[in-house]
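Note sheet for the following structure.
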Amino acid sequence: MFEAKLIQASLLKKILEPIKDLVESANFDCSPSGISLQAMDSAHVTLINLLLRTDGFETYNCERSLSLGLSINALSKALKCAGNDDTLTMKARDEPDTLSLYFESPKNDRVCDFEIKLLDLGNDQYTIRDTEYAAVIKMPSSELQRICRDLSTLGEVVTICANKEGVKFSTSGDVGSFNITVRPTTDSSAKSEDSITIESKEPITLNFSLKFLTHFTKATPLSPTVKIKMTDSAPVVVEYNIEDLGYLSFFLAPKLE
Amino acid sequence: MFEAKLIQASLLKKILEPIKDLVESANFDCSPSGISLQAMDSAHVTLINLLLRTDGFETYNCERSLSLGLSINALSKALKCAGNDDTLTMKARDEPDTLSLYFESPKNDRVCDFEIKLLDLGNDQYTIRDTEYAAVIKMPSSELQRICRDLSTLGEVVTICANKEGVKFSTSGDVGSFNITVRPTTDSSAKSEDSITIESKEPITLNFSLKFLTHFTKATPLSPTVKIKMTDSAPVVVEYNIEDLGYLSFFLAPKLE
Amino acid sequence: MFEAKLIQASLLKKILEPIKDLVESANFDCSPSGISLQAMDSAHVTLINLLLRTDGFETYNCERSLSLGLSINALSKALKCAGNDDTLTMKARDEPDTLSLYFESPKNDRVCDFEIKLLDLGNDQYTIRDTEYAAVIKMPSSELQRICRDLSTLGEVVTICANKEGVKFSTSGDVGSFNITVRPTTDSSAKSEDSITIESKEPITLNFSLKFLTHFTKATPLSPTVKIKMTDSAPVVVEYNIEDLGYLSFFLAPKLE
């Protein structure tokens, strides 16, 4: 039997938001150590990697590993019904046909239960290798979201050029060209959340699809900061930390010029 | 001559909101005791019953009864122009061709007058019988609105199952099934508006079109509470009290399983 | 070389808002005394007249006059990327191919630069004659915006009838007729921004396209007040003052009855 309780149902809602437009369905792999999900979008351009560790759950019970094949759309519909302060309990039997979701309001005067049919999705495995990155940029997630939105008004490809002095995001389109440059925070009194840091081994310039990068920034409500990890030989990693639980990260192959 | 003045034009706006998507036009029957309206939607599935008593008007003058056939859409357009604090005066001659609406701002520096052509709509009569109900549920109107919205994401038919212990709203669709249960308020210090009460003679279970029930909840701004009256032999009644004036209620025949 | 700096990039955003749906592209004529723009909409119904005097700029440098042919849409896209508190610097060389825009955030931790291709637009000249007006109405710009919006729900042509006692805006449509009357402010303690004044030489009644008048009111964020200048022999002028800088005005020929 599998049973896990989150104090805030809304957290799972935020996790699904950036996933649901990329993949239709995915396996949630539940094991004694937590829940993980790896999935590629239908065009096989981006890989989603989610980890939720047991420590972040209110209660967590999973003796035997099991894989829950879920329609992201169905799960997302169910979560729309959760109030902002509702708790969420997920339950499944061993060899289950359905996943049950229970939302409870803090005063307990309203109880919702959702039973979602499970899908048989096969078992794709993705290997994520440890990589040394030429540049690791940490910045406010809202800043990255805004940059993507701004650049999207003009172009389809973003060139990210990072070195110790700063990061330049550039695009161009019919009507002209556009650069946004952010610089590392020098004000040591700035809050960690608001500051920009750049760990740069060597200068690096890569091109990416703005559409996908913009998609990823739907994860902004999950975390006040985001990490962008770039190197020449591997996909960029856009990583959102989920406090107490784990992370949601996206891998995106660069575009060749 | 007919003349009636409401302190808040916005009240009539709120009354029309749930009506205007159900019926195109209707007779507003004005008599010395008040204004009433009965109308069925074009599919003849639901009956709307509106009563506005004279006491709730600032001034009310109607010596001879008259029936004002109005395009709900036209009336609704006119009311869109009313400011939040505008008063509304309605005027019609005996045997009128038009209804005049006057909006006045509190400072009287802006006066709008609207002249709406009357329609000849015939004179359908609906009989509403007094019924004993198996269950009468009183709950916050916003709670019913939210339940309808939540269930609508998944299904098209709602099953309402009421007994002394609580009311369960259920639906199911392609992706699974969904139940929301609300229970009577036990906290005696709760405000009447926020509390749920269930008068239950006998357990009852009925099915309804979620689309129509959701439509009715557009009346939510009219009243903090709503009454749902159910019995086996008659349509459900969804009733919104309009303070000082009367009520707006909707009758909807159950769906057979 | 041309270089001009505005403390608030958002001001140019507000200026473009009412222009961008009327004209696709226009010449920004830069001279030592400021920037001006005259353009007609594609249907040649309305003339836009913009003046930005040098005094309102933080810095302004233009030794030789030059004409910058710009896609309003491209400029508008660029300005969408400006933060609310960003400054804007515009730069062009003599005989330029492009206009450069620089947005800088107050803390200077984010710099955007936009390079927009210039268009060769020819050189239409419009002559605007000084006219004596039968009526000049000054009113809150938000009030005119609301009147246009309200009347648009019902009709396509507005009749404006002004005399010393007040201004009546009227329209009519399928479902009836609608008048809104505003009167001059008599309360001498009212703020100038909130008050309505009418300078009336003689009573005047003219008809205008509601669609265009409503378009003009997109300039509402530019100024708390608007002037409407009417006379029998000339287009109406709808004029928004831009504090410290100049004005944006629209000329619209009356409709014959």
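So you know, we letter chains A, B, ... as the sequences are listed, proteins then strands, and number each from 1. Keep in mind it's a predicted model, so treat the numbers as computed, not measured.
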Heavy-atom contact with chain C under 4.5 Å, split by part of B:A82: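 Backbone only.
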Side chain to side chain, C:V175 and B:K117, heavy atoms closer than 4.5 Å: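 A side-chain contact is absent here, since even the closest heavy-atom pair is not under 4.5 Å.
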Hey, could you give me the [atom1]/[atom2] distance between [X] and [Y], rounded to the nearest 0.5 Å?
| X | Y | atom1 | atom2 | value |
| --- | --- | --- | --- | --- |
| C:I180 | B:D113 | CD1 | CG | 9.5 Å |
| C:R146 | B:R110 | CZ | CZ | 3.5 Å |
| B:C81 | C:I147 | SG | CD1 | 10.5 Å |
| B:K80 | C:L154 | NZ | CG | 11.5 Å |
| C:D174 | B:S71 | CG | OG | 10.0 Å |
| C:D150 | B:C112 | CG | SG | 6.5 Å |

Within a reach of under 6.0 Å around [atom1] of [X], are more than 12 heavy atoms found that belong to other residues, nucleotides or ligands?
| X | atom1 | result |
| --- | --- | --- |
| B:K138 | NZ | yes |
| C:K168 | NZ | no |
| B:R64 | CZ | no |

C:N179 vs B:E115, side chain to side chain contact (heavy atoms under 4.5 Å, CB included): CA-CA, chis, key distance, verdict: CA-CA 9 Å; C:N179 304 304; B:E115 194 145 323; over 6 Å; no
